[in-house]
Amino acid sequence: MKIVVSGASRGLGNALVKNLLSQGDEVFAFARSTENISKLTAQNTNKGKLYFMAFDLMEKDFSPLVKTIKEKLQTIDALVNNAGFLVPKPFIEMTDEDFNRMFDVNVKAPFKLIRELFPLFSKGSHILNISSAGGFQGSVKFPGLSLYSASKGALSILTESLAMEFAKEEIKVNALALGSAQTEMLAQAFPNYKAPLTADEMAEFIAYFTVNGHKFFNGKILPVSLSTP
Ligand SMILES: NC(=O)c1ccc[n+]([C@@H]2O[C@H](COP(=O)([O-])OP(=O)(O)OC[C@H]3O[C@@H](n4cnc5c(N)ncnc54)[C@H](OP(=O)(O)O)[C@@H]3O)[C@@H](O)[C@H]2O)c1
């Protein structure tokens, strides 16, 4: 499959790209930093093909990214909106800039990517949004993560909405509401907590779901969590 992954420089995104390459997929990966992405090309377990570039999802103009994806892949079978940004802070200390950065990366960037890449999606393709255990109604919420969880909630509802809107194009849209996996973001949010899953373990499931989930699910926000109910 031809798969685009955002936020591929570390954590879950990097582990996801590694996994997809090992199973023979053609992957376009990006983040602001590319050092760790470029290292994936050297791994001799790769059966797939990797393209990558540096891109900041806070940029106003997505056309350089979209142009390069079009040149390299021509068509897209799956887009994984994995990049995420978190400022853990008590709500009353949150600044307008904190709000903008979280909503720009977690909500506006998936909106712009889906809109700009729409002409490239093949029939039967899969848009997978990486949400959070805090990002759907009725889940356990944590102090300090209010705006982050709200942004992931917005991404979850966008998922449900687009699954309906794109039905005629046969594009499936799902969200995985992830529980904890050990990454830099998790350590920042919960410094003294050890997650039950490594990034590689969680990415193994995300890779499987990217390639197969849309055969079984559409418009779903699926909790993937050992740690919270
Ligand atoms: N780990 C968990 O327990 C957990 C739980 C629930 C949900 N999630 C979600 O899972 C996803 C991956 O999380 P993670 O734990 O792997 O986080 P992470 O280790 O902080 O990695 C985040 C990735 O997003 C990229 N990114 C951030 N801002 C960006 C920007 N402006 N432009 C382009 N790329 C940007 C980062 O790359 P650069 O800094 O190089 O740009 C990095 O590759 C996120 O959406 C997160 O919200 C994670």
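Start at 1 and go down the list; that is how both ligands and their atoms are numbered. The structure presented is a predicted model; accordingly, all values stated were derived computationally and were not measured.
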(request) Can you pull out the closest protein heavy atom to atom 5 (C) of ligand 1? Residue, atom name and distance to 0.1 Å, please. (result) Gly179 O, 3.1 Å
(request) Classify the contact between Thr183 and ligand 1 as side chain, backbone, both or neither, using a heavy-atom distance cut-off of under 4.0 Å. (result) side chain
(message) Which of the numbered atoms in ligand 1 are under 4.0 angstrom from any heavy atom belonging to Phe55?
(response) 32 (N), 33 (C)
(request) Could you tell me the residue and atom name of the protein heavy atom closest to atom 16 (O) of ligand 1, and the distance to it rounded to 0.1 Å? (result) Leu12 N, 2.8 Å
(message) Test your reading of the structure: does Val105 have an N or O sitting under 3.5 Å from an N or O of ligand 1?
(response) no
(request) Report the part of Ala133 (side chain from C-beta onward, or backbone N, CA, C, O) that has a heavy atom under 4.0 Å from ligand 1; answer both or neither where that applies. (result) neither
(request) Heavy-atom distances under 4.0 Å are what count here, so tell me which part of Lys152 touches ligand 1: side chain, backbone, both or neither. (result) side chain
(request) Note the single closest protein heavy atom to atom 18 (P) of ligand 1, along with its residue, its atom name and the distance in Å. (result) Arg10 NE, 3.6 Å
(request) Please indicate whether any nitrogen or oxygen in Gly7 is less than 3.5 Å from any nitrogen or oxygen in ligand 1. (result) yes
(request) Rounded to the nearest 0.5 Å, what's the gap from CG on Asp96 to CE on Met94? Could you check? (result) 12.0 Å
(request) Pick whichever of Asn82, Asn106, Leu65 has a heavy atom sitting closest to atom 11 (C) of ligand 1. (result) Asn82
(message) Looking only at distances, can you tell me whether any N or O atom of Ser180, backbone or side chain, sits closer than 3.5 Å to an N or O atom of ligand 1?
(response) no
(request) Report yes or no: does Gly134 have a heavy atom closer than 4.0 Å to ligand 1? (result) no
(message) Can you report which non-hydrogen protein atom sits closest to atom 31 (N) of ligand 1, along with the distance?
(response) Asp56 OD1, 2.9 Å
(request) Identify whether the distance between the nearest side-chain nitrogen and carboxylate oxygen of Glu26 and Lys49 falls below 4.0 Å. (result) no
(request) Identify whether the distance between the nearest side-chain nitrogen and carboxylate oxygen of Arg10 and Glu184 falls below 4.0 Å. (result) yes
(request) Give the single entry among Ser9, Ser132, Ala195, Ser151 that approaches atom 43 (O) of ligand 1 most closely by any heavy atom. (result) Ser9
(message) Below 3.5 Å, N or O to N or O, backbone or side chain included: is there any such pair between Ala31 and ligand 1?
(response) no
(message) Under 3.5 Å between any N/O of Ala181 and any N/O of ligand 1: does that happen in this structure?
(response) yes
(request) For ligand 1, find out whether one of its N or O atoms is nearer than 3.5 Å to an N or O atom of Ser131. (result) no
(request) Return the option from Gly84, Ala83, Ala199 holding the heavy atom at the smallest distance from atom 27 (C) of ligand 1. (result) Gly84
